[in-house]
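All ligand and atom numbering here is 1-based and tracks the order in the structure. This structure is a prediction, so every number in the text was calculated from the model and none was measured.
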Amino acid sequence: MKRVSIFGATGSIGQNTLDLIARDPGAYDVVALTGARNIAQLAADARRVSASIAVTAEEDLLPDLRAALEGSGIEAAAGPKALLEAADRPADWIMSAIVGAAGLAPGFRALRHGTTLALANKESLVTAGPLLLAEAAKHGATILPVDSEHSAVFQALVGEDMAAVERIIITASGGGLRDWPEAALANASPADAGAHPNWDMGQRITIDSASMFNKAMELIETKEFFGVRPSQIETVVHPQSLIHALVGFNDGALMAHLGPPDMRHAIGYALNYPDRAHLPVARLDLAQIATLEFHAPSPTRYPALAIAAQVMETGGTSGCIFNAAKEIALDGFLAGQIGFMDMAGIVADTLDAMSSQGSLSIAPQSLEDVLKTDQIARDMAKRIITSRFEQKENA
Ligand code: NDP
């Protein structure tokens, strides 16, 4: 039996992972499930898959979790320390699907035990890519990409020599606002940006798809995970979301990975790797699809892409600052403090402000360095939002 733990079990990726695991109960021994505020879901899933322990990130919700698990024999725990302890529990395969920088420390901890880490939490590679890969190498652990684009690249590279790779093309759906006139984007609400035409995902990543901050993160992730130069990474808008990524080789060949927009494919690939198992995802009917469209992303509609290009060139702490500022800008947008198109300005201004305090290209040396930079960047982004908000109020 494969011992598995799922960090972020109550979220969109976590639920898709549980869907696959629950279809084959005899094959898995579920060690830990973690969540944050959705205690009812966490407890119900822990009971359904007979997990050994359920952990909520929220300390004040421990009594609720205990009550929901009463009589089940399943352990309950809470708080960031409990998350790390859950990552210490022996497991063969761990899904890292907490949203945001909060997913970094548990994933890092799991690598210490030489496990296989299925990495959905893209923030880990964006904020601390080199450190994460070094930690995996040090402990003989394996990181498998779960983001659909990176899983696609990974699959297209099986049996290939990285030296023969000329370029990697990451596709983008264009998000929920892709058909809006550019001038109207400034007035988009969180509800407008939170509806995705193709994928069913968590709220934050769906809004990040509309702004292409999600794609920007994925470009940085590509550079970190596959070790290619920024100039080798391209983005193309592909509204159907059926080709997830393409790899171009030095003989001119392009290997494309196609599949339905269903995260259970990438999750299932990582769960069964290096084997391929039957997965309950739709099969594409190419004759019915008939047309695949592609076009270049507009730099004015999607300013996040240019910021990502800068971050990839700079390296060092810039990915961490980029992610922290993006998370705070998204909070500001959700809270109605700033508009949809203001988010990129907040991120760019935070990077500028932080660079005036010291070079961004100096690489963080430890997880603690990353978490410290993350906090400073968050505070800076909050200050920038507050001053902009006040200016708007006073105008
Ligand atoms: P969701 O918002 O749906 O779920 C997030 C999960 O993290 C939930 O289990 C949530 O708990 C938990 N969580 C939230 N805050 C904290 C915290 N501070 N500490 C610990 N746990 C916390 O996110 P998604 O599933 O959409 O995304 C998860 C990750 O995977 C993200 O990094 C995202 O970028 C990435 N990803 C997602 C894809 C998708 O299709 N959704 C595709 C590719 C990558 P609770 O709900 O109980 O509060």
With a 4.0 Å cut-off on heavy atoms, is R204 in contact with ligand 1? no
Can you sort out which atoms of ligand 1 are near M201, meaning under 4.0 Å from one of its heavy atoms? 39 (C), 40 (O), 41 (N)
With atoms numbered from 1 as shown, which atoms in ligand 1 lie under 4.0 angstrom from a non-hydrogen atom of N38? 45 (P), 47 (O), 48 (O)
Any side-chain donor paired with an acceptor under 3.5 Å for [X] and [Y]?
| X | Y | value |
| --- | --- | --- |
| D342 | Q337 | no |
| D19 | Q15 | no |
| N198 | S241 | yes |
| T222 | H150 | yes |
| S189 | D192 | yes |
| N323 | K122 | no |

Any N or O of [X] closer than 3.5 Å to N or O of ligand 1:
| X | answer |
| --- | --- |
| R37 | yes |
| S12 | yes |
| D200 | no |
| G14 | no |
| Q203 | no |

Protein contact to [atom] [nearest heavy atom, distance to 0.1 Å]:
| atom | value |
| --- | --- |
| atom 30 (O) of ligand 1 | A120 O, 3.4 Å |
| atom 4 (O) of ligand 1 | G11 CA, 3.1 Å |
| atom 17 (C) of ligand 1 | A102 CB, 3.8 Å |
| atom 25 (O) of ligand 1 | I13 N, 2.9 Å |
| atom 20 (C) of ligand 1 | A57 CB, 3.3 Å |
| atom 29 (C) of ligand 1 | I98 O, 3.8 Å |
| atom 16 (C) of ligand 1 | A36 CB, 3.9 Å |
| atom 26 (O) of ligand 1 | G202 N, 3.2 Å |

Hphob cluster co-occupancy, V236 + F226, side-chain heavy atoms under 4.5 angstrom: no
Relative to ligand 1, is Q41 under 4.0 angstrom through side chain, backbone, both or neither, heavy atoms considered? neither
Of the side chain and backbone of K122, name the one, both, or neither that has a heavy atom under 4.0 Å from an atom of ligand 1. both
Minimum heavy-atom distance between P130 and E224, given as atom pair plus value: CD-OE1, 3.5 Å
Please name the pair of heavy atoms, one in L42 and one in T10, separated by the smallest distance, quoted to 0.1 Å. N-CG2, 3.6 Å
State whether [X] and [Y] are salt-bridged, where the test is any N-O pair (Lys NZ or Arg NE/NH1/NH2 against Asp/Glu carboxylate O) under 4.0 Å.
| X | Y | result |
| --- | --- | --- |
| R378 | D374 | yes |
| R89 | E85 | no |
| R3 | D92 | yes |

With atom 7 (O) of ligand 1 as the reference point, say which of V55, V99, I6 has the nearest heavy atom. V99
Closest heavy-atom approach to atom 46 (O) of ligand 1 among L33, I39, T10 is made by T10
